[in-house]
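Shown next, in structure tokens, is the structure this report addresses.
Residue numbers begin at 1 in each chain, while the letters A, B, ... track the order of the sequences.
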Amino acid sequence: MIKITFPDGNVREFESGVTAMEIAQSISEGLARNVLSASVNGVVWDSTRPITSDSTLALHTWNDPEGKNTFWHSSAHLMAEALEALYPNVKFGIGPPIENGFYYDVDMGEQVLSSDDFDQIEKKMLDLAREKNPFVRKEVSKADAISYFTEKGDEYKLELIDGLNDGEITFYEQGNFVDLCRGPHIPDTGKIKAVKLMSLAGAYWRGDESRKQLTRIYGITFQKQKELTEYLELLEEAKKRDHRKLGAELELFMFSEKVGAGLPIWLPKGTALRSRLEDFLKKEQIRRGYQPVITPHIGKKELYVTSGHYAKYGEDSFQPIHTPREGEEFLLKPMNCPHHCEIYGHRPRSYKELPVRIAEFGTVYRYEQSGELHGLTRVRGFTQDDAHIFCTQEQVKDEFLGVLDLTKLVLEKLGFEDYTAQISLRDPENPDKYIGSVENWDKAEQAIIDATKEAGLETTTVLGEAAFYGPKLDFMVKDALGRRWQLGTIQVDYNLPERFELEYTGTDNAMHRPVMIHRAPFGSMERFIGVLIEHCGGKFPLWLNPEQFAILPISDRYNSYAEDMLAQLAAADLRGFVDDRSEKIGRKIRDAEVRKVPFMLIIGEQEAESGQVAVRKQGEGDLGVMELEAFVTLMNEQL
RNA sequence: GCCAGCAUAGCUCAGCUGGCCAGAGCAGCUGAUUUGUAAUCAGCGGGUCGGGGGUUCGAAUCCCUCUGCUGGCUCCA
């Protein structure tokens, strides 16, 4: 007999060789039906694998990430089986589960797969799933594994086997398909009831640009058709909220082939929105002791040689601009920090004036490969809500706290309730990758950890993700559809103060090197607004909305009255417009609704006589008639 | 940059395997209508079918190339 410890601490005895599935059955048939895999002593296993020693056990269903992963991993195998049945010469790379579904990298040889083939593959997958073939785990020797895939002629699997040790190699078999795989898998293919192949993409073998590009097939599967339908509906919703689509519809921004790819052009309404965001932050920053500055969009090449960016990114940047006579070389600025370092260094600094906080909405230009560009979230020219704080090592923690507070304020003001902070620290295995003293790194990392704790932030910590010049913290924000975005960032930097030889005179009358903190609560205005558009589906908070209300006269006769009203509301600092077209009121309402104007003021004979307004809220409907002052109050309450 | 796909009017799209002056809805303009909570009616204008080259008697349709876009890969100071 062996002892099995459950997550709630309960311990029960079972015969040695019992499987997780059998244990589940002993609890309830219903549970057993839902079990996809199980963690045995913390390792995810097949639910059908015999347990032969005292163990902890956690059963995984669709509701656990582990359960979903197992399900999708098995689905990848099912897809591979279908592919092999349809295209006998296909060779397989790797096929893991991902956040939403799975993929398999395959080498189709001469054959070109297109999404038109998806139907056929999906059908085959469902046919094979209906066979309810069990996933059978087999331990094989390295020699046997090699001879199997040599015979099959799959060089990718052979390469994978090459990296494995004898004794740790397993195959999984379902139906006629055998794959090299660590597992685990669901009990049988019958659980896969709904299949959808999503897209095709090229993917380099083992992520290496110099190696062969395989075809990556993305898919997702579910246990119920209904779940697939819901998932596809969610994707539809995301598509409706796509900032590229809404940005065009609401006339916020545009792109022009003539101006160039990846260079967003802000239209009047988008500019109104963006300016409000900037003003909000500018005010808040001034309150917090930041000093706004303005620096040029280009800088001499030497500036970036000094900063080190030229050596690191020179080749992969927009190339220098040359002056015609003098032959000077200028670079479009890819960052604001070198300019800000020059500002710090333009005169001697005393410890008394630290921290110095230099802020600029600085537009920067970075070369991105053409395939990388995407709406506002990946562009070649963008504006950072940048600031650099020059302080002493001792001040780092307090400055960090201040920035955390500001960033939280920004996110919450814009309706991002769900976010976490990702702390990126050194890779302990590679100390040589980093510049700056070990003591300073220790202090800075500790300062970040302490500051986030003090700020009560939910954090995740990743080792090895720090920049070479210092540890950093990124805000990971979840939007209304549950998608995660990286927005604001705070980075400690020991490198630039060194390179620019920045100093201050300390209490001891000696020279010291300040620490620099880069920070951007929004990240970039472009990216932030892109995410904001999708988060709120184009229905911006009232204080940001370029159009807060529309005045809709019932007929032309009330147009001048509407204009008077507009003037009164403008005097109350509210923004709107009059729809004075000779259209029926139903039409004007519809158009305002589609434009997502938050409030509509309908005025006709009754309102003109009583001096009141009939208020309608976008998406909600009629709020009834009220005095104009009451409407102003209503608006101000929501600002 | 690489793989796959897409590009027809301001927008959304039709135009099958090459064949009469390239279509629709919405938007726009003009006129009529003067309207009470999500689309009033009529008329009109608008496209060298993304650019260039080729195949063909004939190309929106087939081929090549460039540009842009989409989904990924690689990259991201």
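Classification of the A:His518-A:Tyr469 ring pair by plane angle, with boundaries at 30° and 60°, yields tilted.
Nucleic acid contact for A:Gly586: sugar-phosphate only, since backbone atoms but no base atoms lie under 4.0 Å from a heavy atom of the residue. Among the protein residues, A:Arg244 comes within range of the sugar-phosphate backbone only, with heavy atoms under 4.0 Å from sugar or phosphate atoms but none that close to a base. A:Ala614 comes within contact range of at least one nucleobase, with a heavy-atom separation under 4.0 Å. In this structure, A:Leu373 reaches the sugar-phosphate backbone alone: every heavy-atom distance under 4.0 Å involves primed, P, OP1 or OP2 atoms, never a base. Counting any heavy atom pair closer than 4.0 Å across all strands shown, A:Gly207 reaches sugar-phosphate atoms only and no base atom. If you check every strand for non-hydrogen atoms under 4.0 Å, A:Glu249 touches nothing. Within 4.0 Å of A:Ile602, counting heavy atoms only, lies at least one base atom of the nucleic acid. Backbone-only contact: A:His374 has heavy atoms under 4.0 Å from sugar-phosphate atoms and none from a base. Contact annotation for A:Ser317: base contact, defined as any heavy-atom pair under 4.0 Å involving a base atom. At the heavy-atom level, A:Ala203 lies under 4.0 Å from the strands shown only through sugar-phosphate atoms. A:Tyr218 comes within 4.0 angstrom of the backbone, heavy atoms only, and of no base. In this structure, A:Ser582 reaches the bases: a heavy-atom distance under 4.0 Å links it to at least one base atom across the strands shown. Contact annotation for A:Gln486: no contact, since no heavy-atom pair falls under 4.0 Å across all strands.
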- Message: Between A:Lys333 and A:Glu360, does the salt bridge (Lys or Arg N to Asp or Glu O under 4.0 Å) criterion hold? Intermediate values first, please.
- Response: CA-CA 13 Å; A:Lys333 78 172 165 189; A:Glu360 174 174 21; 3.7 Å; yes
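On a pure distance criterion of 3.5 Å, a polar donor-acceptor pair joins the side chain of A:Glu372 and the base of B:U74. Evaluation of atom-type donor-acceptor distances gives a pair under 3.5 Å for the side chain of A:Arg616 against the base of B:A38. Side-chain to base pairing of A:Arg590 with B:A39: one donor and one acceptor N or O lie within less than 3.5 Å of each other.
Ring centroid separation for the pair A:Tyr365 and A:Phe318 does not come in under the 6.0 Å cut-off.
Base pairing of B:U40: its partner is B:A32, meeting the Watson-Crick or G-U wobble criterion (both donor-acceptor distances under 3.5 Å). When Watson-Crick and G-U wobble pairs are counted only if both distances are under 3.5 Å, B:A7 pairs with B:U67. Of the nucleotides present, B:G72 is the one that pairs with B:C2 by Watson-Crick or G-U wobble criteria, both distances under 3.5 Å.
Rounding to whole angstrom units, CD of residue A:Glu368 and C1' of B:C73 are separated by 15 Å. Whole-Å rounding puts the A:Asp105 CG to B:G72 P distance at 14 Å.
Take the nearest nucleotide of RNA chain B for A:Arg366 and for A:Asp242: the residue whose nucleotide is more 5' is A:Asp242. Projected onto RNA chain B by closest heavy-atom contact, A:Leu214 and A:Met335 fall at different nucleotides, the more 5' of which corresponds to A:Leu214.
Here, B:U30 and B:A14 have their P atoms 32 Å apart, quoted to the whole Å. For B:A60 and B:C21, the C1' atoms lie 15 Å apart once the distance is rounded to whole Å. Distance check on atom P: B:G15 versus B:C57 gives 28 Å, rounded to whole Å. Here, B:G72 and B:A9 have their C1' atoms 32 Å apart, quoted to the whole Å.
A side-chain N or O of A:Glu627 and one of A:Gln612 form a donor-acceptor pair less than 3.5 Å apart.
Using a 4.5 Å heavy-atom cutoff, the side chains of A:Glu251 and A:Arg595 are not in contact. A 4.5 Å side-chain heavy-atom check between A:Ile533 and A:Leu250 finds every atom pair outside the cut-off.
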